[in-house]
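Here the structure is laid out as structure tokens; the discussion comes afterwards.
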Protein chains: 2
Amino acid sequence: MPTASDKPVRSGRPPRLSRAEIIAAAKRIVERDGVEKLTMRLLAREVGSAPMALYHHVRDKRELLLALLDDLAERVPRPELPDDPVERIIAATVAIHDGLLEFPWMVRILAEGDLLSPKALWFPEAVIDAGIRAGLSEGEAVHAYRSVWYFTVGELIVRTAARERVGVPTYQAEVFQELDPRRTPRLAAISDRWLSWQLADTFRPGLRAIVDGLLRAVRGGGCSD
Amino acid sequence: MPTASDKPVRSGRPPRLSRAEIIAAAKRIVERDGVEKLTMRLLAREVGSAPMALYHHVRDKRELLLALLDDLAERVPRPELPDDPVERIIAATVAIHDGLLEFPWMVRILAEGDLLSPKALWFPEAVIDAGIRAGLSEGEAVHAYRSVWYFTVGELIVRTAARERVGVPTYQAEVFQELDPRRTPRLAAISDRWLSWQLADTFRPGLRAIVDGLLRAVRGGGCSD
DNA sequence: ACCTGAACACCGTTCAAGT
DNA sequence: ACCTGAACACCGTTCAAGT
């Protein structure tokens, strides 16, 4: 027996940093300066330590981002879900969408990565459940969920990127001012409104159209009411 | 008169590098090693110059990526477009989708950035034109185009990211092995098939459902045939 | 056990100088 | 005009050492 005590001996230097403190500091940086500023070096400065001290509490940067995601997933309020399949899918997706809209930096990480918070699994569950209850097979329901997720991810990425460009002169604006009406007559006709339409929030009507289309096949041909 | 000749004098050192050569080298790197490896430093090594020599032919890295995009847009074959609005939108979108599928690294740049190749403007033109001819207003047609683009971008980003993870053990797989059937019964029932379904190409049927849904309102309630 | 410092192998870009 | 070299202000992470 190496020690007299039963409980494991906490030998060595007592900790000054904690995982919770590091994650809280990372959240502060992301909310204050944006994700692109979240570096291990700046994070170390924020908690007043050397960069390498962080690696004792967090495996690497990826694991840090995962912890942030988990924290975020907890804060997205889980909505009341209606019984009607179409409304159920829309309610769940809108909740996720609006939750992510507050943290646009997270969307890119979510879309790319193999990241997935166990705390947000109610979302695919709700969509797939609604699909099956509407008459889809398991495979079709998963496919419908994926279509809805693709649309949501695309909307968030493209539109938050556009939002970050308001004010600054853009290359797109330049291209739209030099349109050739013979080659692209439709675009030329609306070129003055293109940029403002780019910013409009059309997520909800678009989502409704998609869900209608996805569930249409099994709903007796009668589309939506 | 400073010189005897009429045409502008090309004084100074003769060029050893050219913009075309730099862009060709960048393409080689991207295709050989992936976009993430495309750095100004490696590119300089590839053309046998100092990094700063590049900046004489290209404003910055962003402009280099734009040149690559333009080059790529030229190579996406422009398809024959059917007359039927639904089929017209699907044909145009599938062409863009499949073109981008060969260059997944470009999708992220396209989605985020203010990038847009004038050579690919036929795509929004075709979709908006089909929408208007199906009876949508200009605003509705633009909105329909955006919905289709969001879906396409989301599908490309999420699925190419998933494709890059085949083989390696993923965090998602881990999460799906520890599902609680009481909390997420639907997911638990399909957990063994989830990962393979994740890789399946369901772009075309999903797109068709979306386009049906988007054009449904103005097509006399009769959905698609 | 917990933390530090120096180092490695990188980035994009500016600036002053050389040919 | 075109190119180079050194430098600036960064990255994530490894490794050996200190307490």
Close side-chain approach of Glu125(A) to Pro185(B), heavy-atom, < 4.5 Å:
yes

Non-hydrogen side-chain atoms of Val107(A) and Thr160(A) separated by less than 4.5 Å
no

Provide, to the nearest angstrom, the distance between the [atom1] atom belonging to [X] and the [atom2] atom belonging to [N].
X: Leu54(B); N: dG5(D); atom1: CG; atom2: P; answer: 14 Å
X: Met52(A); N: dT13(D); atom1: CE; atom2: P; answer: 9 Å
X: Arg59(A); N: dT14(D); atom1: CZ; atom2: C1'; answer: 15 Å
X: Arg19(A); N: dC2(C); atom1: CZ; atom2: C1'; answer: 16 Å
X: Glu21(B); N: dC3(D); atom1: CD; atom2: C1'; answer: 13 Å
X: Asp60(A); N: dT14(D); atom1: CG; atom2: C1'; answer: 13 Å
X: His56(B); N: dC2(D); atom1: NE2; atom2: P; answer: 7 Å

Take atom P in dC10(C) and the same atom in dA9(D), then report the distance between them in whole Å.
22 Å

Roughly how far apart are Ser18(B) OG and Ile23(B) CD1, rounded to 0.5 Å?
8.5 Å

Here the gap from Glu63(B) atom CD to Leu68(B) atom CG, rounded to the nearest 0.5 Å, amounts to 11.0 Å

With a 4.0 Å heavy-atom cut-off, tell me which residues in residues 22-31 of chain A come close to DNA chain D, sorted by residue number.
none

Determine yes or no for a side-chain-to-main-chain donor-acceptor pair under 3.5 angstrom, with [X] supplying the side chain and [Y] the backbone.
X: Asp71(A); Y: Glu74(A); answer: no
X: Arg159(B); Y: Phe203(B); answer: no
X: Arg183(A); Y: Leu121(B); answer: no
X: Asp70(A); Y: Ala73(A); answer: no

Could you name each residue pair satisfying salt bridge (Lys or Arg N to Asp or Glu O under 4.0 Å) that touches residues 189-198 of chain A, not counting sequence neighbours?
Arg193(A)-Glu138(B)

Could you write out DNA chain D as a dot-bracket string, with dots for unpaired bases, | for bases paired across to another strand, and Watson-Crick or G-U pairs counted at under 3.5 Å?
||.|||||...|||||.||

NZ/NE/NH1/NH2 to OD/OE distance under 4.0 Å, Arg182(B) and Asp180(B)
yes

Is Tyr55(A) near enough to dT14(D) that one of its side-chain N or O atoms lies under 4.0 angstrom from OP1 or OP2?
no

I want to check one thing: is the phosphate of dC3(D), taken as OP1 and OP2, less than 4.0 Å away from some side-chain N or O of His57(B)?
yes

On a heavy-atom basis, the closest approach of Leu43(A) and Ala26(A) is CD1-N, 3.5 Å

What is the minimum heavy-atom distance between Ala209(B) and Leu214(A), and which atoms define it?
CB-CD2, 3.6 Å

Which side-chain N or O atoms in residues 32-41 of chain B pair as donor and acceptor under 3.5 Å with protein atoms at least two apart or in another chain?
| unit_1 | atom_1 | unit_2 | atom_2 | d |
| --- | --- | --- | --- | --- |
| Arg32(B) | NH1 | Glu46(B) | OE2 | 3.3 |
| Arg32(B) | NH2 | Glu46(B) | OE1 | 3.1 |
| Thr39(B) | OG1 | Leu42(B) | N | 3.0 |

Strictly under 3.5 Å: I want the nitrogen or oxygen pairs between protein and nucleotides 9-11 of chain D, one per line.
| unit_1 | atom_1 | unit_2 | atom_2 | d |
| --- | --- | --- | --- | --- |
| dC11(D) | OP1 | Thr39(A) | OG1 | 3.1 |
| dC11(D) | N4 | Arg41(A) | NH2 | 3.2 |

Every protein N/O lying under 3.5 Å from an N/O of nucleotides 17-19 of chain C:
| unit_1 | atom_1 | unit_2 | atom_2 | d |
| --- | --- | --- | --- | --- |
| dG18(C) | N2 | Arg13(B) | NH2 | 3.1 |

Name the residue from Tyr150(B), Phe151(B), Trp149(B) that meets the side-chain contact (heavy atoms from CB on, under 4.5 Å) definition with Val153(B).
Trp149(B)

